[in-house]
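Encoded as structure tokens, here's the structure I'll be asking about.
Chain A is the first sequence line, chain B the second, and so forth, proteins listed ahead of strands; every chain is numbered from 1. Keep in mind the model is a prediction, meaning the values are calculated, not measured.
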Amino acid sequence: MFSIFKRELKEALSSPLFYILCAIFSAIVGWLFYNYILGSKEHTGTTLTNNVLIPLFGVMNSLFMFFSPILTMNSFVEEKNSGTLDLLLRSKVSIWEIILGKFLSHVTLISLMLSLSIICPLILMFSGYSDWGIVGSAYLGLILNISCYIIVGLFASSLTENQIVSGFVSFSIILGILLVNLTANTANSFIVGQIFNYLNNISHFSYFVKGDIRSYSFIYYSSFVGLFMLFTSKSLESRRW
Amino acid sequence: MEESAIQVSHIQKKFGGVTALEEISFKVSKGSIHGFLGPNGAGKSTTMKIITGILKACDGSVIIESKKPIGFLPEHPPLYKNMIVRDFLEFVRDIYKSNSDIESILSKCGLKHVEKRMIRNLSKGYQQRVGIAQALVVDPEIIILDEPTVGLDPHAIKEMRELILSLKENHTILFSTHQLYEASNLCDEVTIINKGRILKSGKIEDVKKDLVSGQIILIDLDSPVKEDDIQLLKSEFELSEINCEGNSLKITTIGEKDIRGEINKFLLDRNYIVTSLKLEEMDLEQIFDKVTSKLDV
């Protein structure tokens with residue numbers, strides 16, 4: 001698995017796509033951070049966390065709804081088109097190790113991208129901000145949440161041999177899960193509302209951003225990733241039929 | 001009986017409703033170079049993918065007499081084009097957990113001077129060599145090559161042929177081709193497949209013998225043969241075909257009996273001077289035409 005992780009990471013770091021996304025990410029986050037800071041002067045009786053960081057982390061999460069499909073859309077598609085997927089599947093590395101290697105390399109990539117945004121809370125630190133617990137929990141939430149987008153992207157790229165189709169499929173699934181959030185908010189029945197609330201990632205992410213870490217969120221994220229890994233492995237196995 | 005390295009029994013494969021392979025069976029002897037011949041779309045690649053485990057057969061079985069993984073070069077070599085040659089081979093060695101010596105494989109495949117170059121910048125011939133190298137890196141006993149010479153220039157084809165021959169020492173090789181000349185030069189055994197069915201399989205001489213009933217005799221004379229003499233030839237000998245072109249005569253006999261001496265005598269008796277008389281060996285090209293046309297009828 002480590003060989004696959006290493007190879008994937010090396011390949012992604014040598015492609016311009018990652019650096020282009022990093023530049024776009026830094027520009028948007030930096031610009032919005034500046035605007036939130038300016039805007040926070042208008043409000044009184046509230047905190048920097050509420051005025052600047054929570055909306056900023058929300059924006060980062062939304063950005064990755066677009067970035068994750070772009071980062072992952074080529075993952076299995078390229079392997080299928082070049083025939084290297086069969087090389088991997090015939091090797092002594094199991095399907096799960098292949099998926100895990102690719103997944104972890106993408107999680108490492110998004111962590112590297114996210115680390116660029118640490119400059120924002122660091123700037124706040126110089127003006128006296130010290131609530132690092134919330135910052136830590138928000139970044140953990142971001143990584144877990146974006147991991148879900150990554151695994152959806154990997155699953156979508158295992159389905160097709162066209163990267164555009166793969167990108168659209170993964171974005172559609174991510175959008176579909178987001179719609180569960182709206183359904184949860186508008187559900188008449190309390191229990192149905194709660195179930196939908198549990199099923200969508202945004203509600204779990206919103207707890208993390210507020211520094212409110214709940215154990216069942218970890219269960220949600222790990223089962224989400226596990227389920228889509230299972231789908232991906234089945235999709236790859238079906239190539240042999 | 002010779003030990004077999006691969007034994008394919010009654011393999012059947014359907015894609016949707018379309019039958020790609022129909023109950024095919026053949027065996028590959030240990031230590032041999034086995035040619036898998038057939039036109040495009042005959043089912044060669046599908047059979048190879050089933051043997052290597054990339055595809056599952058709908059029915060039938062494949063027995064591989066080797067504990068080591070199979071080295072496989074598909075029609076399009078599986079290469080990570082953004083990697084450099086040495087890194088790629090080391091990666092393949094890692095995922096197959098083999099102990100092969102990259103250094104010796106690089107020299108064997110003639111890749112030593114390009115080992116630090118990115119695969120995408122190599123010519124097609126060199127990419128094909130990297131493809132063979134990745135098949136060797138898994139430390140196989142059996143190597144399967146799917147049309148290894150397609151798209152290469154004549155010089156690269158010659159080198160590839162030499163490379164395949166050099167691998168024969170320690171490996172069993174199954175390779176597919178639709179170039180029959182290549183197979184007749186390289187192979188010890190052949191299997192001929194068309195439209196998902198095996199037409200012939202076995203040692204190359206046996207296959208030839210089975211398919212070529214009778215002899216083809218080419219005779220050059222000092223003058224054209226008269227029509228009366230041709231009729232006489234037909235009546236005196238058991239011939240399936242007789243062609244007369246200028247001063248030369250091509251006779252196809254029925255049965256195994258060597259009648260060259262008798263024909264020579266017949267012609268001399270009728271005052272023809274025989275300048276040459278030789279037996280023509282039917283090459284695979286002709287055999288292939290004969291077999292496939294039989295099936296099409």
For Y34(A), is the OH atom crowded, meaning more than 12 foreign heavy atoms sit under 6.0 Å from it? no
Using a cut-off of under 4.5 Å on heavy-atom pairs, state which of E78(A), E79(A), M1(A) scores highest against chain B. E79(A)
Given the options G53(B), P74(B), C58(B), P77(B), which has more heavy-atom pairs under 4.5 Å with chain A than any of the others?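 Ranked by contacts with chain A, first place is G53(B).
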Closest non-hydrogen atom pair between G83(A) and P78(B), with its separation: O-CB, 3.4 Å
Heavy-atom count around F196(A) CZ within 6.0 Å, excluding the residue itself: above 12?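 Atom CZ in F196(A) is not crowded, with 12 or fewer foreign heavy atoms closer than 6.0 Å.
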Residues in residues 86-99 of chain A that sit under 4.5 Å from chain B, counting heavy atoms only: D86(A), L87(A), L88(A), R90(A), S91(A), K92(A), V93(A)
Below 4.5 Å from any heavy atom of chain A, which atoms of L79(B) appear? Answer side chain, backbone, both or neither.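 Just its backbone gets close to chain A.
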What part of E75(B) lies closer than 4.5 angstrom to a heavy atom of chain A: side chain, backbone, both or neither? neither
So which residues of residues 80-111 of chain B are in contact with chain A at a heavy-atom cut-off of under 4.5 Å? Y80(B), N82(B), M83(B), D87(B), F88(B), F91(B), V92(B), D94(B), I95(B), Y96(B), K97(B)
What residues of residues 8-16 of chain A make heavy-atom contacts with chain B at a cutoff under 4.5 angstrom?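 Residues K10(A), E11(A) are the ones that qualify, each having a heavy atom under 4.5 Å from chain B.
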State whether the number of non-hydrogen atoms from other residues, nucleotides or ligands found under 6.0 Å of K124(B) atom NZ is greater than 12. yes
Nearest 0.5 Å please: distance from the CD atom of Q134(B) over to the OG1 atom of T84(A). 10.5 Å
Kindly check if the number of other-residue, nucleotide or ligand heavy atoms within 6.0 Å of NZ (K112(B)) is above 12?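 Atom NZ in K112(B) is crowded, with more than 12 foreign heavy atoms closer than 6.0 Å.
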Is there any residue in residues 149-177 of chain A with a non-hydrogen atom under 4.5 Å from a non-hydrogen atom of chain B, and which ones are they? none
Calculate, to the nearest 0.5 Å, the distance between atoms NZ and CZ belonging to K49(B) and R239(A) respectively.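 K49(B) atom NZ to R239(A) atom CZ measures 7.5 Å (nearest 0.5 Å).
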If one checks every heavy atom of I70(B) against chain A at 4.5 Å, the contacting part turns out to be both
Does NE2 in H155(B) sit with more than 12 non-hydrogen atoms of other residues, nucleotides or ligands closer than 6.0 Å?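 Result for NE2/H155(B): open.
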Pick from I54(B), I50(B), T52(B) with the largest number of heavy-atom pairs that fall under 4.5 Å of chain A: I54(B)
